[in-house]
Amino acid sequence: IDKNEFPELLESAAGAFDELVNILIELNPGISEKDLGVKCIKNWAMIHGLVDLLRNVSFQEDTKNNSNAANAMALVKSDIRSFLISSIEF
């Protein structure tokens with residue numbers, strides 16, 4: 001999707017990233033601009049990658065074949081909240 005064709009989507013994405021920045025600043029008083037940028041991109045990329053993997057239908061099909069990746073995703077899906085709490089670096 002070309003977000004430039006959908007200004008509302010582009011604005012929403014920017015707003016979500018801004019919220020991440022604000023939360024990390026609040027949780028890490030005095031954080032340097034560099035460390036803040038690294039934490040933001042690290043968490044942003046992890047979430048986007050996870051969403052892409054969760055959308056991947058082939059993982060659902062792979063569970064029938066007992067693939068390691070599909071089994072790992074099934075564990076994540078079974079308790080996404082715990083996975084996010086343990087994975088996101090604040």
Side-chain angles (χ1 to χ4, degrees):
I1 296 175
D2 182 0
K3 291 180 185 166
N4 292 319
E5 294 181 23
F6 302 94
E8 300 87 8
L9 185 57
L10 188 60
E11 185 178 322
S12 179
F17 190 82
D18 290 345
E19 186 64 23
L20 175 61
V21 170
N22 292 333
I23 289 168
L24 289 175
I25 288 172
E26 185 177 320
L27 293 173
N28 299 278
I31 190 170
S32 72
E33 191 75 24
K34 178 183 176 187
D35 289 343
L36 177 62
V38 168
K39 279 188 181 218
C40 286
I41 294 301
K42 186 176 179 179
N43 286 309
W44 192 252
M46 191 273 297
I47 293 296
H48 275 269
L50 178 62
V51 168
D52 190 49
L53 291 171
L54 289 170
R55 288 181 178 166
N56 189 332
V57 179
S58 66
F59 277 123
Q60 296 166 5
E61 294 167 0
D62 283 349
T63 55
K64 297 172 191 167
N65 299 327
N66 204 27
S67 79
N68 290 330
N71 292 337
M73 284 306 297
L75 289 172
V76 169
K77 285 173 131 178
S78 71
D79 192 358
I80 191 84
R81 187 174 193 280
S82 293
F83 174 79
L84 290 172
I85 289 169
S86 68
S87 299
I88 295 177
E89 182 185 319
F90 296 104

Is there a continuous path of hydrophobic side-chain contacts, each under 4.5 Å between heavy atoms, that joins Leu54 to Met46?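 Yes, one cluster joins them.
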Membership question, hydrophobic clusters at under 4.5 Å side-chain separation (ILVMFWY): are Val51 and Phe83 in the same one?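 The answer is yes; both residues are in one hydrophobic cluster.
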Trace of the side-chain contact (heavy atoms from CB on, under 4.5 Å) decision for Arg81 with Asp79: CA-CA 6 Å; Arg81 187 174 193 280; Asp79 192 358; 4.2 Å; yes
For the atom pair [atom1] ([X]) and [atom2] ([Y]), what is the distance rounded to the nearest 0.5 Å?
{"X": "Arg55", "Y": "Leu50", "atom1": "CZ", "atom2": "CG", "value": "11.0 Å"}
{"X": "Met73", "Y": "Ile80", "atom1": "CE", "atom2": "CD1", "value": "6.5 Å"}
{"X": "Asp52", "Y": "His48", "atom1": "CG", "atom2": "NE2", "value": "10.5 Å"}

Minimum heavy-atom separation for Cys40 and Leu20, please, with both atom names.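 So the minimum-distance heavy-atom pair works out to O-CD2, 3.5 Å.
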Is a side-chain N or O of [X] found less than 3.5 angstrom from the main chain of [Y], in a donor-acceptor match?
{"X": "Asn22", "Y": "Asp18", "result": "yes"}
{"X": "Ser87", "Y": "Leu84", "result": "no"}
{"X": "Ser12", "Y": "Leu9", "result": "no"}

Is there a side-chain contact between [X] and [Y], using heavy atoms and a 4.5 Å cut-off?
{"X": "Phe17", "Y": "Ile41", "value": "yes"}
{"X": "Leu10", "Y": "Phe6", "value": "no"}
{"X": "Leu36", "Y": "Ile25", "value": "yes"}

Is it the case that more than 12 heavy atoms not belonging to Asn68 sit under 6.0 Å from its CG atom?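 Result for CG/Asn68: open.
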Pairs satisfying salt bridge (charged side-chain N to carboxylate O under 4.0 Å, His left out), at least one member in residues 30-46, at least two apart: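 Checked against salt bridge (charged side-chain N to carboxylate O under 4.0 Å, His left out) - neighbours excluded - the pairs reaching residues 30-46 are Lys39-Glu89, Lys42-Glu89.
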